[in-house]
Amino acid sequence: MTAMTRPARPDEDDARLRPVPWRRMAGVTWRQHRIALAGVAVLLGALAVWLWSIGTPLHRAYAAAVACHPASSLACQNLVSTFNVSATNHAMGSKGPGGVLLQLLPALIGAFAGAPVLARELETGTFRYAWTQGFGRWRWALAKLVALAVVLAAATAAFGALVSWYYQPEFATGNQAPGLYQTSPLVTLFSLREVTFPAWTLAAFTIGVLAGMLIRRVVPAIVATLAVYAGLAFTAGAFLREHYLAPLVTASDNFNLPGAGTAWTISQWSTKDGRFAFAGGNPPLNLINQFCSSLPAAKAGPPGSFGQCLAQHGYTQWTSYQPASRFWPFQWIEGGWLLALSALLIAATIWLVHRRAA
Amino acid sequence: MNIVEASGLGKRYGRSWALRECTLAIPAGRVAALVGPNGAGKSTLLNLAVGLTAPSAGDVTVLGGRRAGSPAALDGIAFVAQDTPLYKNLSVADMIYITRSLNRRFDQPYARARLDELGIPLKRKAGKLSGGQQAQLALTLALARRPRLLVLDEPVAMLDPVARHDFMATVLAAASAGAVSVLLSSHVLTELERVADYLILLSRGQVRLAGAVDDLLATHGQASLEELALAYLRETQTSEVTR
């Protein structure tokens with residue numbers, strides 16, 4: 001035990017006490033959370049390979065359909081329908097990323113990476129070790145949370161870029177004329193793109209961290225995180241997103257909007273003589289019977305034919321919509337408020353760590 | 001210099017006071033034993049001293065007037081909590097790395113040599129070590145920080161007699177080397193007999209007795225620390241009952 005006998009240190013003055021450098025938390029955070037980070041990497045990596053493997057043939061089919069001349073030839077029509085079938089399958093069916101699986105990603109990553117960060121320390125008692133080291137407890141919490149947040153944001157932003165690449169053919173303008181499948185980038189997987197995916201992941205992560213701090217147990221904190229996240233995501237998708245910018249209004253039905261296939265229709269209504277007549281895209285039955293009974297129901301097929309009939313009787317149909325050109329402003333608006341929310345939640349967590357009586 | 005100084009210190013959890021009107025001054029260079037029955041407030045007092053808990057009343061300073069929990073206090077105090085919490089899924093080497101990273105000082109050669117002496121392999125996960133080895137690892141990490149005050153909360157409560165003896169031997173070796181004061185809590189009085197030269201007796205959240213062991217034994221006419229503590233604890237218990 002010769003190592004024990006060492007000359008006593010000179011007394012350190014409080015004022016001259018230099019804090020332990022921030023960068024030392026990098027290695028500490030990595031050692032403590034490498035399993036969670038590896039899990040996220042494996043999950044995103046596997047999904048990236050899958051997206052790439054189904055996205056490459058989709059891009060190839062799209063390129064073939066666009067390059068085909070003359071467009072009206074049977075061969076070209078076949079190429080278009082080949083693309084449309086696989087694009088529709090991908091967007092709606094279980095084979096593609098349009099299903100619920102990808103929508104759950106931010107919640108899963110955030111809950112499983114975020115909730116245990118503090119909950120496990122509190123549950124197992126190791127906070128008594130961590131918070132009595134020289135680094136200082138609020139600095140420890142801040143360094144750890146910021147490091148994890150940055151890594152998660154970088155990984156999910158990269159994955160968001162891949163999602164954007166994958167959907168490129170379906171978001172392309174000018175698909176309408178050749179009859180290629182289209183969808184609005186403001187609707188389809190809007191929350192999994194370059195800005196919104198990291199932003200939602202950070203929100204879920206910080207909700208998880210705070211829930212862990214408050215609940216102090218890992219599993220209940222994960223459950224609470226998923227519940228809160230679900231509420232927030234539903235609220236944003238159903239109520240908030242359409243109001244980010246005032247929708248454009250045009251006097252047409254939603255099939256004849258500028259950029260119809262990629263625009264996001266918010267609402268439709270009709271007026272007569274400058275006064276509100278009815279809401280929605282379909283006229284009420286009594287109006288149809290009154291003015292358009294001469295139109296045989298079977299021939300009412302092409303959408304808008306009732307609209308044309310009513311237009312002759314002085315009705316005007318209106319549509320409010322968000323054009324696809326607003327994709328980036330919407331990305332940054334959603335990313336911005338989610339980032340502000342995440343910063344607020346981290347600040348609240350740090351305050352609790354600083355103040356909390358153990 | 002007083003290593004821990006408290007005046008009117010109190011801690012309330014909800015309506016009940018875990019610690020009340022605690023005033024004491026523990027001089028540096030001692031091995032101070034905090035003794036009392038379960039629920040007497042020992043852990044509360046230690047948590048206040050290391051800055052894990054904020055007081056509800058009064059105040060506590062450490063290392064000669066530094067606020068408990070302040071950066072300077074954290075720098076100079078090493079704390080081994082009850083049940084010696086360690087990151088169970090990390091290896092011994094990782095625990096050394098983390099402790100070294102989180103502190104301004106860390107005597108890595110000492111930590112390596114000590115663990116080698118104890119036969120604790122660096123690659124083993126902390127959770128796979130025996131209870132005695134886990135306690136020794138936590139103590140080694142604390143001592144390698146070269147603290148001026150080592151605080152131990154019920155360090156031997158979960159250990160078998162051999163591990164208990166070895167643990168106390170390490171504490172005593174560190175204390176007798178002179179650089180570190182020790183404050184430890186325990187309800188195992190026989191273990192304290194050999195090591196403690198300063199005694200704080202707590203019961204029902206209040207300090208009943210505090211002072212150098214030799215002085216206390218002389219004044220109260222008891223032969224051993226154990227008898228002294230028992231006599232006092234019986235007395236306070238009867239007085240609580242008769243009140």
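No hydrogens, no waters, no symmetry mates; every other heavy atom, side chains included, goes into these values.
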**Report entry** Check: Thr99(B) and Gln133(A) side chains under 4.5 Å, non-hydrogen atoms
**Finding:** yes
Report task. Could you tell me which portion of Ser176(B) (side chain, backbone, both or neither) has an atom closer than 4.5 angstrom to a non-hydrogen atom of chain A? Result -> neither
Requested in this report: Could you tell me whether a side-chain N or O of Arg137(A) sits under 3.5 Å from a main-chain N or O of Leu52(B), the two making a donor and an acceptor?
Outcome: yes
Report summary line: So, the part of Ile77(B) with a heavy atom under 4.5 Å from chain A: the answer is backbone
**Report entry** Tyr129(A)/Val80(B) under side-chain contact (heavy atoms from CB on, under 4.5 Å): CA gap, chis, key distance, verdict
**Finding:** CA-CA 7 Å; Tyr129(A) 162 85; Val80(B) 178; over 6 Å; no
**Report entry** Qualifying salt bridge (Lys or Arg N to Asp or Glu O under 4.0 Å) pairs, either residue in residues 30-40 of chain A, two or more places apart
**Finding:** Arg31(A)-Asp94(B), Arg34(A)-Asp94(B)
Report summary line: Okay, Leu63(B) and chain A: the region with an atom under 4.5 Å from a heavy atom over there is neither
Query raised in the report: Around Glu123(A), counting heavy atoms of other residues, nucleotides and ligands shown, do more than 12 lie under 6.0 Å from its CD?
Result: yes
Query raised in the report: Once you round to the nearest 0.5 Å, how far does CG of Asn89(B) lie from CD of Gln32(A)?
Result: 8.5 Å
Requested in this report: To the nearest 0.5 angstrom, please state how far the CG atom of Asn103(B) sits from the OG1 atom of Thr132(A).
Outcome: 9.0 Å
Requested in this report: Decide if atom CZ of Arg30(B) counts as having more than 12 heavy atoms of other residues, nucleotides or ligands within a radius under 6.0 Å.
Outcome: yes
Query raised in the report: Do other residues, nucleotides or ligands put more than 12 heavy atoms under 6.0 Å from Arg164(B) CZ?
Result: yes
Query raised in the report: Is atom CH2 of Trp165(A) surrounded by more than 12 heavy atoms (other residues, nucleotides or ligands) closer than 6.0 Å?
Result: yes
Report task. Tell me yes or no: between the side chains of Thr124(A) and Tyr87(B), is some donor less than 3.5 Å from an acceptor? Result -> no
Report summary line: dist Thr126(A):OG1 -> Lys88(B):NZ (nearest 0.5 Å) comes out at 9.0 Å
**Report entry** Side-chain donor or acceptor of Arg24(A) paired with backbone N/O of Arg100(B) under 3.5 Å
**Finding:** yes
Return all side-chain donor-acceptor pairs below 3.5 angstrom for residues 123-132 of chain B, not counting sequence neighbours, or 'none' if the list is empty.
from	atom 1	to	atom 2	distance (Å)
Ser130(B)	OG	Gln133(B)	N	3.2

Query raised in the report: Around atom CH2 of Trp17(B), are there more than 12 heavy atoms of other residues, nucleotides or ligands at under 6.0 Å?
Result: yes
Query raised in the report: If you look at every heavy atom in Arg128(A) and Pro85(B), which pair is closest and at what distance?
Result: CB-CG, 4.5 Å
**Report entry** Interchain contact, Leu90(B) with chain A, by part (heavy-atom threshold 4.5 Å)
**Finding:** side chain
